[in-house]
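Values reported hereafter were calculated over all heavy atoms of this structure, with side chains retained and with hydrogens, waters and symmetry mates removed. Values in this document were obtained by computation on a predicted structure and should not be read as measured data.
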Amino acid sequence: MTALQKNFDSRQARSEATKSALMRAAEKLIAENGVENVSISDIVTVAKQKNQSALQYHFTNLNGLIDAILETRSAETHERRATLIDELLTANAQPSLRDICMLMVYPSFSLARESSEYHNYVKAFGHALVLSERSLLSIVQRHGGGGTSGQQTAELLKAALPHLDPVHYQQRMEAAVRLCSASMYYQARQPQGFKGKQADRFLHGLVDAIVGLMSGPVSPQSEALIS
């Protein structure tokens, strides 16, 4: 490796370390205070950056930083879900509906249990989907539920729910995503929210609720409104 390449790699490593520090500081501050009460200066200070323009240099503005956080956590969640899908399909080529619904919750739950930083992320941004006025499926495809693992989960769900036509499937998925988001956000704000037996009760209770939501029969009243 040439001296020039070593110098470039060193600068690249410092840049990545700075960006990571800014993102983790933003997650922590937003989790504690809400995004409306966090300034760029606050984030730079908590990230221990001497250059006050570091955030603008790497992310342009606060919205750019938040987008980077969501994309990074999306990739992390996708990677965890992909691993779980591989394990699930290796054990059973036709998994149960409950096992499939677990894929909607457990990737984020397990990451929050393992990492206080991911916990901060859920605490900071978990409510964003609940408050959105847009279709949640399009947002999830961009932040957290997209990629191959998201598509695989959707295909597994559709195969396990033959009684749902596309309209009812999308309607219930919208409700399921809002339920997951609201529940994870609430749990993230509890003391030791992802630790111990109470966290396991939360996990399995939420999955039970999603199974009930997705598997319930379509009423004649709902059918009549489709035609």
Side-chain angles (χ1 to χ4, degrees), residues 67 69-89 92-112 118 121-188 194 201-227:
D67 281 344
I69 291 171
L70 296 176
E71 289 172 8
T72 300
R73 293 305 188 187
S74 170
E76 188 176 4
T77 307
H78 161 67
E79 183 178 351
R80 176 60 57 90
R81 186 184 296 109
T83 298
L84 293 170
I85 290 173
D86 287 344
E87 292 173 353
L88 179 62
L89 295 180
N92 187 352
Q94 293 184 313
S96 69
L97 176 60
R98 193 176 195 284
D99 286 338
I100 301 167
C101 289
M102 182 65 80
L103 295 171
M104 298 174 65
V105 181
Y106 194 68
S108 290
F109 177 91
S110 61
L111 287 166
Y118 194 99
Y121 160 69
V122 177
K123 193 174 178 181
F125 299 107
H127 65 302
L129 288 176
V130 183
L131 300 177
S132 173
E133 297 178 1
R134 295 167 52 198
S135 167
L136 297 192
L137 297 186
S138 63
I139 298 174
V140 167
Q141 286 169 357
R142 183 183 177 198
H143 298 307
T148 303
S149 70
Q151 295 168 11
Q152 282 184 285
T153 302
E155 291 305 315
L156 289 169
L157 275 172
K158 290 174 184 176
L161 298 165
H163 70 297
L164 295 181
D165 61 29
V167 173
H168 289 115
Y169 172 80
Q170 177 156 338
Q171 183 182 52
R172 295 198 188 188
M173 278 298 295
E174 291 272 354
V177 171
R178 288 187 191 273
L179 174 60
C180 286
S181 299
S183 299
M184 286 289 289
Y185 175 72
Y186 171 81
Q187 194 67 15
F194 297 106
R201 285 196 299 267
F202 159 78
L203 169 66
H204 290 287
L206 177 55
V207 174
D208 290 345
I210 295 169
V211 170
L213 172 62
M214 300 302 295
S215 64
V218 178
S219 69
Q221 291 88 343
S222 291
E223 287 284 11
L225 293 170
I226 295 301
S227 58

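Every side-chain hydrogen bond (donor to acceptor under 3.5 Å, both in side chains) that Ser110 has, sequence neighbours left out, goes to Arg80. The side-chain hydrogen bond (donor to acceptor under 3.5 Å, both in side chains) check on Tyr118 picks up Thr77, Ser108, with sequence neighbours excluded. Under the salt bridge (Lys or Arg N to Asp or Glu O under 4.0 Å) criterion, Arg172 pairs with no residue at all, not counting sequence neighbours. Applying the side chain to side chain contact (heavy atoms under 4.5 Å, CB included) criterion to Gln221, with sequence neighbours excluded, gives Ser219. With sequence neighbours excluded, no residue forms a side-chain hydrogen bond (donor to acceptor under 3.5 Å, both in side chains) with Asp86. Phe194 pairs by the ring pair (Phe, Tyr, Trp, His ring centres under 6.0 Å) definition with Phe109, His119, not counting sequence neighbours. Partners of Ser215 according to the side chain to side chain contact (heavy atoms under 4.5 Å, CB included) rule, which considers only residues two or more places apart in sequence or in another chain, are Leu97, Val211. For the ring pair (Phe, Tyr, Trp, His ring centres under 6.0 Å) test, residues two or more places apart in sequence or in another chain that qualify with Tyr185 are His127.
The distance from the CD atom of Gln171 to the CG atom of Leu164 is 9.5 Å, given to the nearest 0.5 Å. Taken to the nearest 0.5 Å, the CG atom of Leu179 stands 11.5 Å off from the CE atom of Met184. Note that CG of Leu84 is 7.5 Å distant from OH of Tyr106, once rounded to the nearest 0.5 Å. Taking CD of Glu79 as the reference point, atom CG of Leu111 lies at 9.0 Å (rounded to 0.5 Å). Note that CG of Leu161 and SG of Cys101 are 7.0 Å apart. Values are rounded to the nearest 0.5 Å. Rounding to the nearest 0.5 Å places CD1 of Ile210 at 9.0 Å from CE of Met102.
For Ala176 against Met214, the heavy-atom pair with the smallest separation is CB-SD, 4.1 Å. When all heavy atoms of Leu156 and Pro95 are compared, the closest pair comes out as CD2-CG, 4.4 Å. Ser149 and Ala82 get closest at one heavy-atom pair: CB-N, 3.7 Å. Listed here is the closest heavy atom pair of Thr153 and Ile100: O-CG2, 4.1 Å.
Within the structure, every pair that satisfies the salt bridge (Lys or Arg N to Asp or Glu O under 4.0 Å) test and touches residues 92-102, not counting sequence neighbours, is listed here: Arg98-Asp208.
Side-chain contact between Met173 and Met104 is present, with heavy atoms from C-beta onward closer than 4.5 Å.
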